[in-house]
Asks: 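What follows is a structure written as structure tokens; I'll ask about it next.
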Number of protein chains: 2
Amino acid sequence: MELAAAKLKFIEAWGKLGSEWGINRTMAQVHALLLISPEALTTEDIMESLSISRGNANMTLRDLIGWGLIEKQHKAGERKEYFFADKDVWNIARQVAKERKKRELEPVLKILNELSTVAGDEKDPEFKTFKKSVTDINKLANNVDKTLETMLKAEENWFWSSILKVFK
Amino acid sequence: MELAAAKLKFIEAWGKLGSEWGINRTMAQVHALLLISPEALTTEDIMESLSISRGNANMTLRDLIGWGLIEKQHKAGERKEYFFADKDVWNIARQVAKERKKRELEPVLKILNELSTVAGDEKDPEFKTFKKSVTDINKLANNVDKTLETMLKAEENWFWSSILKVFK
DNA sequence: TTAAACTTTCAAAACTTATTGAAACTTTAT
DNA sequence: ATAAAGTTTCAATAAGTTTTGAAAGTTTAA
């Protein structure tokens with residue numbers, strides 16, 4: 001396979017994966033483009049490579065900075081802003097895990113805790129079923145939360161060797 | 001908090017979480033409703049509880065069956081079909097993990113393997129950067145795949161106690 | 001201070017996805 | 001065989017999301 005074709009395929013696949021995970025396609029594609037680019041790129045470069053408008057490129061770049069996945073770079077003597085992506089895939093995974101934990105898991109944990117306080121008649125099947133589901137989900141969510149917490153602090157090699165050793 | 005209010009809140013929260021995870025809101029809500037319902041429900045019950053149309057209810061129920069999250073139930077002497085959800089939260093988590101692995105992770109692994117075969121000049125920064133990203137993502141994805149594989153086979157208590165023990 | 005270079009914003013348009021509702025279809029009981 | 005009960009389909013529509021592009025804003029150099 002040719003490098004040029006492989007790049008296109010990679011960008012496309014990353015975009016698709018992103019959209020299945022609630023990250024918009026363009027954002028994932030811009031990230032992919034920067035990830036495989038050895039040099040920092042300008043807004044213009046990105047607009048051209050992906051055939052997107054200036055407005056779209058600008059918003060997307062801002063979002064990616066907000067997710068901690070890319071950074072601005074200033075080149076001495078140049079007006080233009082350049083963007084580059086952290087190339088360390090473990091950092092990327094941690095950064096995404098951190099953001100999703102904050103944006104999604106934590107609000108859910110908060111609600112589950114509230115819902116655990118519901119009072120009712122232990123003889124009522126409606127109450128019992130509700131309580132059991134909420135309690136069980138709460139436990140699961142807490143375990144996920146603790147595991148993510150560990151992941152955020154961990155070195156890649158240590159993390160996987162620990163997990164895979166136990167499970168092999 | 002009142003049981004009735006708590007139920008509504010749970011259904012709403014589950015729906016929101018679903019939509020953040022690429023599962024449509026209605027599907028997540030129907031699942032939530034069945035999860036906290038001690039009895040199997042009819043299409044009518046669901047339509048009414050969630051104020052959705054017959055067509056939508058029918059499609060959503062079919063999708064949930066496709067995900068292995070709910071089942072049809074026949075009551076002796078009744079024409080109507082009833083639906084109920086597996087109440088075991090670990091089973092649900094496994095089922096979701098299994099489907100997403102199949103639908104999302106496996107296609108990505110396939111593409112990554114194709115992309116790893118790309119040939120090029122080791123001195124070319126374009127090539128080196130591309131190759132490194134693809135290789136690193138491939139490794140990460142394989143580790144996730146193995147971990148999920150273990151999870152699919154595991155008992156809940158064993159799984160979490162193994163993970164949390166190592167990480168404490 | 002001015003104007004060129006560049007960035008940001010946001011309302012409108014394009015696109016995508018979800019939902020409705022009525023018609024077609026299937027099953028069952030008589 | 002028929003009609004009642006129930007289920008499924010799908011074209012039309014609604015709702016939601018993303019993208020555009022032009023105007024407004026900002027920064028820099030001369």
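This structure is a prediction, so every number in the text was calculated from the model and none was measured. In what follows, chains carry the letters A, B, and so on, assigned in the order in which the sequence lines appear, proteins first and then strands, with residues in each chain numbered from 1.
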Asks: Can B/E122 and B/K131 be counted as an ion pair, charged N to O under 4.0 angstrom?
Replies: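 Looking at B/K131 together with B/E122, the answer is no, because their closest N to O distance does not fall below 4.0 Å.
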Asks: How many Å lie between CG on B/N58 and P on C/dC25, as a whole number?
Replies: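 The answer, rounded to whole Å, is 16 Å.
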Asks: Between which nucleotides of DNA chain D, read 5' to 3', does contact with chain A run, using atoms under 4.0 Å from its heavy atoms?
Replies: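 Span of nucleotides near chain A: D/dT18 to D/dT28.
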Asks: Find out whether the Lys NZ or Arg CZ of A/R100 is both under 6.0 angstrom from the six-membered ring centre of B/W21 and within 45° of the ring's axis.
Replies: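 Yes - A/R100 lies over the ring of B/W21, closer than 6.0 Å to its centre and within 45° of its axis.
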Asks: Tell me yes or no: between the side chains of B/T42 and B/D45, is some donor less than 3.5 Å from an acceptor?
Replies: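 Side chains of B/T42 and B/D45: pair found under 3.5 Å.
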Asks: Whole angstroms only, please: what is the NE2-C1' distance between A/H74 and C/dT7?
Replies: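 Nearest whole value for this atom pair: 11 Å.
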Asks: Angle between the end axes of the helix from C/dT1-D/dA30 to C/dT30-D/dA1, five pairs per end, to the nearest 10 degrees?
Replies: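 It comes to 10° between the two terminal axes.
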Asks: When you check the gap from the basic side-chain N to the acidic O, do A/E81 and A/K75 get nearer than 4.0 Å?
Replies: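 So A/E81 does not pair with A/K75 through a salt bridge.
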Asks: Look at the rings of A/F10 and B/F130 and say which category their plane angle falls in: under 30° parallel, 30 to 60° tilted, over 60° perpendicular.
Replies: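 Rings of A/F10 and B/F130: perpendicular, as their planes differ by over 60°.
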Asks: Using whole Å, what does the distance between atom P of nucleotide C/dT7 and atom CZ of A/R79 come to?
Replies: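 To the nearest whole Å, that distance equals 8 Å.
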Asks: Are a donor atom and an acceptor atom from the side chains of A/S116 and A/N138 found within less than 3.5 Å of each other?
Replies: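 Yes.
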Asks: Sugar-phosphate atoms are those with a prime plus P, OP1 and OP2; base atoms are the rest. Using that split, label each nucleotide of nucleotides 17-24 of chain C B, S or - for protein heavy atoms under 4.0 Å, 5' to 3'.
Replies: -SSBB---
Asks: Decide yes or no on salt bridge (charged side-chain N to carboxylate O under 4.0 Å, His left out) for B/E114 and A/K9, but give the supporting numbers first.
Replies: CA-CA 10 Å; B/E114 270 175 67; A/K9 194 157 194 172; 2.7 Å; yes
Asks: Grab the CD-P distance between A/E44 and C/dT8 for me, whole Å please.
Replies: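 Computing the A/E44:CD to C/dT8:P distance gives 13 Å.
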Asks: What I want to check is whether an N or O donor and acceptor connect the side chain of A/R62 with the base of C/dT8 at under 3.5 Å.
Replies: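 By the distance-only test, no, there is no pair.
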Asks: For B/K132, is there an ion pair with B/D136 - N to carboxylate O distance below 4.0 angstrom?
Replies: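 Judged by the 4.0 Å cut-off on N to carboxylate O distance, B/D136 and B/K132 do form a salt bridge.
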Asks: Would you call A/K102 and A/E106 a salt bridge, taking side-chain N to carboxylate O under 4.0 Å as the test?
Replies: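 A salt bridge is absent here (no side-chain N lies under 4.0 Å from a carboxylate O).
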Asks: Under a 4.0 Å threshold between the charged nitrogen and the carboxylate oxygen, would A/K7 count as salt-bridged to B/E126?
Replies: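 Looking at A/K7 together with B/E126, the answer is yes, because their closest N to O distance falls below 4.0 Å.
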Asks: Atom CD of residue position B/E155 - does it have more than 12 heavy atoms of other residues, nucleotides or ligands inside 6.0 Å?
Replies: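 No, because the 6.0 Å sphere around CD of B/E155 holds 12 heavy atoms or fewer from other groups.
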